[in-house]
Amino acid sequence: MAPKEVTPAVIDEEPEVYENRNVHMIYDDIASHFSSTRYKPWPIIANFISSIPVGWIGLDSGTGNGKYLPLPLDRPGELWTIGLDRSINLLKIARTAGSSGMVREVVWGNVLDNAWRPDAFDYAISIATIHHLATHDRRRKAIERLIQAVATNHGRVLIYVWAIEQDELSKRKIPTVEDGHDGHGKDVVVPWVFSTQLRKTSQSAPEKPQTFNRYYHMFAKGELSGLVAEAARELGLKLGPKPESSKESVEGLEIIQNGWERSNYYVELKRWTI
Amino acid sequence: MVRLITHNLLACHVGGCNSNNFPLEFKDVQIELREAEFNADFVRAFLPKIAWKALVDTARQLGDTSLPDEQPTMIDDEFLKNLHHVLLEIHVEEGVMICPNCKHNFPISNGIPNMLLAEHEIG
């Protein structure tokens, strides 16, 4: 399948308005087709969820079709992940994600809001979500919300975003322009071709396939870790591993791992207190 | 759904509404009871994380009086099963959650709570 042409995006209005038109409305339109193409959990994410102990409760911030809500498959019911998303049509699919017919917990909301009581969750994942936010500040704020949602002394966070550097298995072709390697990332639109035949209409005349252009901010190397550092600063958290001892009480955030996997940058975090 | 396991986490986040914003109060609810597989290990391990008074008060609001005012010192199977039922088997399909402080209404439709705020409410 030929890689899709990705073109630069120009954000020419208020970020909420831009996101509404170029992200939220589109997902509501393409929900069922989109859901059918998103079914395979990625290894680092599956491993993260498999390592979560029994009794933990987590947030999937930007759950989409809920494909992570049934995990881990070998220990269903030992932990609970609650799915949050902005698209009501995707949430209706997420509500019964997985093949067991189990009903999931889903919430219609905005990842930039903090609709939870303090220390609500033990873990939070944000997979392919914050790259839909149109400004640096909003992307940082989304990371702050993830950190705020999890327990101060043991909360774990995993974030995954699309990278400028795409591997050869990627279906996306990013135009190579000189900038984008200065750590600032690139704003692009990625086409989604929605064949209306999927709607199984009874009309005899063939429908021309519709194309939706979704907004993404493709991350540059180091950009995600940079945002994490800024978020930690905003929240007054010390960035780094938990020290052996401390004269005063400190709240901190440790980067457990970070890297690039299959055209995505990821970072895993852990909160600590001393 | 939404079930009480989720409700026990949701707070009002209208701009400036920072105290007495949890738990949200249910109103005009349509409930469905649906069995969920009982996992004693999960319930036992999850127990310390529950905002207990909020859960008990809310369960009673919805007509379930099986939970004690305080968490018992001796955890037995019957207690775990009652707690499992309250957390995971009472589905609020329709209704509203109201903030006790600012009275903002968060509607629930088809079991999905709507936590979106209007622009001016974000603060």
Side-chain angles (χ1 to χ4, degrees), chain A residues 14 16-17 20 24 52-59 63 66 69 75-96 100-122 124 141 145 148-151 154-155, chain B residues 1-15 17-18 20-24 32 34-51 54 80 84 87-89 91-93 97 99 104 106-119 121-123:
Chain A
E14 286 300 306
E16 302 85 11
V17 177
N20 204 42
H24 304 313
I52 301 288
V54 64
W56 276 31
I57 188 156
L59 172 65
T63 194
L69 302 182
R75 301 189 285 135
E78 280 203 5
L79 34 135
W80 269 83
T81 309
I82 297 178
L84 170 73
D85 205 90
R86 186 64 180 68
S87 163
I88 189 68
N89 287 344
L90 281 172
L91 284 179
K92 287 177 179 167
I93 297 169
R95 191 173 30 183
T96 50
S100 66
M102 247 178 93
V103 180
R104 312 291 166 190
E105 287 295 294
V106 300
V107 172
W108 190 14
N110 194 318
V111 304
L112 293 176
D113 291 339
N114 186 357
W116 316 101
R117 63 168 164 86
D119 276 3
F121 294 101
D122 297 300
K141 180 137 229 118
R145 295 295 188 228
Q148 284 172 315
V150 300
H154 68 265
Chain B
M1 28 108 270
V2 60
R3 285 167 281 189
L4 295 194
I5 190 172
T6 304
H7 173 266
N8 198 251
L9 305 170
L10 290 167
C12 181
H13 57 294
V14 168
C17 183
N18 300 317
N20 193 31
N21 58 356
F22 169 85
L24 303 174
E32 267 183 50
R34 292 198 194 104
E35 236 181 83
E37 197 168 320
F38 172 55
N39 189 313
D41 292 332
F42 170 77
V43 183
R44 201 179 292 111
F46 182 61
L47 179 57
K49 300 184 200 155
I50 300 173
L80 290 178
H84 163 81
L87 285 172
L88 293 172
E89 295 186 333
H91 294 250
V92 181
E93 292 294 319
M97 295 184 291
C99 174
H104 183 89
F106 295 98
I108 302 167
S109 182
N110 296 126
I112 301 179
N114 182 351
M115 304 304 290
L116 291 171
L117 295 177
E119 189 68 35
E121 290 167 326
I122 296 172

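Lettering of chains follows the sequences in order, A, B, ..., and the numbering in each one begins at 1.
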>> So for A:Leu91, is it side chain, backbone, both, or neither that comes closer than 4.5 Å to the heavy atoms of chain B?
In response: both

>> Can you tell me which of B:Leu47, B:Leu117, B:Asn39 forms the most heavy-atom pairs within a distance under 4.5 Å of chain A?
In response: B:Asn39

> Going by the angle between their ring planes, with limits at 30° and 60°, are B:His13 and B:Phe106 parallel, tilted or perpendicular?
Replying inline: parallel

> Who wins among A:Gly109, A:Ala149, A:Gly77 for the most heavy-atom pairs under 4.5 Å with chain B?
Replying inline: A:Gly77

> Does A:Glu105 use its side chain to pair, donor to acceptor, with the backbone of B:Arg3 at less than 3.5 Å?
Replying inline: yes

> Which answer fits A:Pro76, side chain, backbone, both or neither, if we ask what part of it has an atom under 4.5 Å from a heavy atom of chain B?
Replying inline: backbone

> Does B:Ile112 offer a backbone N or O that forms a donor-acceptor pair with the side chain of B:Asn110 under 3.5 Å?
Replying inline: no

> For the side chain of A:His154 and the backbone of A:Asp122, is there at least one donor-acceptor N/O pair under 3.5 Å apart?
Replying inline: no

>> How long is the straight-line distance from NE2 of B:His91 back to CG of B:Leu88, given to the nearest 0.5 Å?
In response: 8.0 Å

> Measuring from A:Met102:CE to A:Leu69:CG, what's the distance to the nearest 0.5 Å?
Replying inline: 10.0 Å

> What part of A:Arg86 gets closer than 4.5 Å to chain B, counting heavy atoms only: side chain, backbone, both or neither?
Replying inline: side chain

> Which residue out of A:Lys92, A:Arg104, A:Glu16 racks up the most heavy-atom pairs below 4.5 Å with chain B?
Replying inline: A:Arg104

> Do you know which of A:Ile88, A:Ile57, A:Asn110 has the most heavy-atom pairs under 4.5 Å to chain B?
Replying inline: A:Ile57

> Considering only heavy atoms, which portion of A:Asp119 lies under 4.5 Å from any heavy atom of chain B: side chain, backbone, both, or neither?
Replying inline: neither

>> What part of A:Leu79 gets within 4.5 angstrom of chain B, counting heavy atoms only: side chain, backbone, both, or neither?
In response: backbone

>> Is the ring pair B:Phe42/A:Trp80 parallel, tilted or perpendicular, if the boundaries are 30 and 60 degrees?
In response: tilted

> Contact part of B:Ile50 toward chain A, heavy-atom cut-off under 4.5 Å: side chain, backbone, both or neither?
Replying inline: backbone

>> For chain A, which candidate among B:Pro23, B:Ala36, B:Ala51, B:Cys12 shows the most heavy-atom pairs at distances under 4.5 Å?
In response: B:Ala51

> Which distance, rounded to the nearest 0.5 Å, do you find between the CG of B:Leu10 and the CE of B:Met97?
Replying inline: 5.0 Å

> What part of B:Asn8 lies closer than 4.5 angstrom to a heavy atom of chain A: side chain, backbone, both or neither?
Replying inline: both

